[in-house]
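What follows is a short report on a single structure.
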Protein chains: 2
Amino acid sequence: MHKEHNLTKNQKIIFDLIDKSPQPLKAYSILYNVQKKGIKAPLQVYRALDKLVEIGKIHKIESRNAFIACHNSSCQVAKATAFSICEICEKVTEISSTGLSKYLANFKDKDGMKYSKYNLEFFGLCKKCTLK
Amino acid sequence: MHKEHNLTKNQKIIFDLIDKSPQPLKAYSILYNVQKKGIKAPLQVYRALDKLVEIGKIHKIESRNAFIACHNSSCQVAKATAFSICEICEKVTEISSTGLSKYLANFKDKDGMKYSKYNLEFFGLCKKCTLK
DNA sequence: TACATAGTGTTATATTATAACAATTAAAAA
DNA sequence: TTTTTAATTGTTATAATATAACACTATGTA
Ligand SMILES: [Zn+2]
Ligand SMILES: [Zn+2]
Ligand SMILES: [Zn+2]
Ligand SMILES: [Zn+2]
């Protein structure tokens, strides 16, 4: 569950847009979409994005430079994220698998080192694209 | 094991540089370092990088926009990669764990979908930085 | 109130990456 | 070997992504 954060004006505008979007949004596409709401400069977007990522309301899809709202109650504030990405239609889905997150949270490398955070991106074809 | 690829002149210059580097290199840092060898434009660098990634000689660290040589004989040509990243010194190490790669290669999401490719990035502190 | 902290607005600039086109080289097919 | 096809190169220009710096404003808290 997400802790309630009181989003500021810009944060709320940008979160709402991302939250409503069925696919991840890129920063400059966000910018174009919120200009009518008074957000005029890239920095205003990036600052809101940074904060939203930090508090776990959205995640960055690193391989796509795009942002998606978190819909996974088990992902601990941006510390443990996993996504599936369709290489044809670019549909991105957050994976919420207890098995996977337990496995990765407990993973130790050969030096016995544990990690505080991870990001995993799976690539393949989504159902719809598999059938074509 | 890597299939032997006959690298072209530019590919070789750029691979050699990355391969010798203890840490991942960024595209423009590569560019500055190979200008004395006649590679003058970003595109020449990016083209070589694209090819080297494609054939699995190097990997891109997505969260850092940087490139590292593959030192993991079990990673199947860029289809299955895992890294640990130190959040202080930015040291990056390719993880080669049979357990991990088997687990991820066989991972199915709740729709039963399997993936053809993945990239995993772990974050934490390396040994050296933990002791500080 | 006074102070600290976080957020905003703005301009400029840095960093990362690709488009388009002509020329060259290497590979493979005839 | 010649032909022809694909891959690579060189080059200029430009697109896309992201941050620096600074002045100002709102918010919380002592
Ligand atoms: Zn999430
Ligand atoms: Zn798809
Ligand atoms: Zn590798
Ligand atoms: Zn370190």
Side-chain angles (χ1 to χ4, degrees), chain A residues 3-18 21 23-68 77-78 85 90 92 119 121, chain B residues 3-18 21 23-68 77-78 85 90 92 119 121:
Chain A
K3 193 154 158 282
E4 260 320 302
H5 284 273
N6 298 320
L7 302 183
T8 64
K9 185 174 124 266
N10 288 2
Q11 289 161 12
K12 189 157 178 9
I13 291 169
I14 286 169
F15 174 72
D16 286 345
L17 182 69
I18 297 173
S21 168
Q23 72 276 111
L25 296 178
K26 311 196 121 207
Y28 277 74
S29 137
I30 292 169
L31 177 58
Y32 299 137
N33 276 285
V34 296
Q35 281 183 326
K36 51 194 168 238
K37 305 219 171 181
I39 294 176
K40 288 173 188 155
L43 245 197
Q44 296 174 288
V45 173
Y46 279 104
R47 286 197 284 225
L49 289 173
D50 285 351
K51 189 66 186 184
L52 291 167
V53 165
E54 184 193 326
I55 65 182
K57 300 278 287 181
I58 66 172
H59 302 302
K60 182 173 187 182
I61 310 300
E62 293 287 355
S63 65
R64 299 298 186 260
N65 299 316
F67 300 86
I68 192 173
V77 182
I85 302 172
E90 292 291 323
V92 173
N119 178 58
E121 298 181 5
Chain B
K3 192 153 160 285
E4 260 319 303
H5 284 272
N6 297 319
L7 301 183
T8 63
K9 184 173 125 266
N10 288 2
Q11 289 162 12
K12 191 158 177 7
I13 290 170
I14 286 169
F15 174 72
D16 286 346
L17 182 71
I18 297 172
S21 168
Q23 73 275 110
L25 297 177
K26 311 195 122 207
Y28 277 73
S29 137
I30 292 169
L31 177 58
Y32 300 136
N33 277 286
V34 297
Q35 281 182 327
K36 51 195 168 238
K37 305 218 170 181
I39 294 177
K40 286 171 191 159
L43 245 196
Q44 297 174 289
V45 173
Y46 279 104
R47 285 197 283 226
L49 290 173
D50 285 351
K51 189 69 185 182
L52 291 168
V53 166
E54 185 193 324
I55 64 182
K57 300 280 287 181
I58 66 173
H59 302 302
K60 181 172 186 182
I61 310 300
E62 292 287 354
S63 65
R64 299 300 187 258
N65 298 317
F67 299 85
I68 192 174
V77 181
I85 303 172
E90 292 291 324
V92 173
N119 178 58
E121 297 180 6

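Throughout, a chain's letter reflects where its sequence line sits, starting with A, and its residues are numbered from 1.
Note that NZ of B/K60 and CG of B/N65 are 5.0 Å apart. Values are rounded to the nearest 0.5 Å. How far CG of B/L49 is from CD1 of B/I14: 5.5 Å, rounded to the nearest 0.5 Å. Rounded to the nearest 0.5 angstrom, A/R64 CZ and A/K26 NZ are separated by 9.0 Å. Remark: A/D50 CG to A/F67 CZ distance equals 7.5 Å, nearest 0.5 Å. One finds the CD1 atom of A/I55 at 6.0 Å from the CD atom of A/Q11 (value rounded to the nearest 0.5 Å). One finds the CG atom of A/L7 at 5.5 Å from the NZ atom of A/K57 (value rounded to the nearest 0.5 Å).
Sorted by residue number, the members of residues 7-14 of chain A with any non-hydrogen atom under 4.0 Å from DNA chain C read A/T8, A/K9, A/N10, A/Q11.
Regarding A/R47, its CZ atom lies at a distance of 14 Å from the P atom of D/dC22, rounded to whole Å. Here the P atom of nucleotide D/dT11 and the OH atom of B/Y46 are 19 Å apart, to the nearest Å. For A/D50 and D/dT19, the CG to P distance is 6 Å, given to the nearest whole Å. Remark: P of D/dT17 and CZ of A/F67 are 10 Å apart, rounded to the nearest angstrom. Taking atom NZ of residue B/K40 and atom C1' of nucleotide D/dA13, one finds them 17 Å apart after rounding to whole Å. Note: CG (A/L49) to P (D/dT17) measures 12 Å, nearest angstrom. Atom CD1 of A/I30 and atom P of D/dA18 are 10 Å apart (whole Å). Going from atom CD of B/E62 over to atom C1' of D/dA18 covers 16 Å, rounded to whole Å.
Put simply, the residue from B/T8, B/D16, B/N10 that forms a side chain to side chain donor-acceptor pair (under 3.5 Å) with B/K12 is B/D16. Here the options are B/V34, B/N33, B/I30, the test is side-chain contact (heavy atoms from CB on, under 4.5 Å), and the partner is B/I13; only B/V34 passes.
Counting only distance, with no hydrogens or angles, the side chain of B/E121 and the backbone of B/S63 share a donor-acceptor pair below 3.5 Å.
With DNA chain D read from its 5' end, the first of the two nearest nucleotides for A/K60 and B/P42 is the one closest to B/P42.
Taking five base pairs at each end of the helix from C/dT1-D/dA30 to C/dA30-D/dT1, the local helix axes there meet at an angle of 50°, rounded to 10°.
The A/N65 side chain lies nearest to D/dT17 when the options are D/dT17, D/dT9, D/dA21.
Contact detail for A/Q44 and A/K40: the closest heavy-atom pair is OE1-N, 2.8 Å.
In 5' to 3' order, the nucleotides of DNA chain C bounding all contacts with chain B (an atom under 4.0 Å from a heavy atom) are C/dT16 to C/dA20.
When the side-chain nitrogen and oxygen atoms of B/Q44 are compared with OP1 and OP2 of D/dG10, one or more of them lie within a distance under 4.0 Å.
For the pair A/I85/A/E90, a side-chain contact is recorded, criterion being any heavy-atom separation below 4.5 Å from C-beta on.
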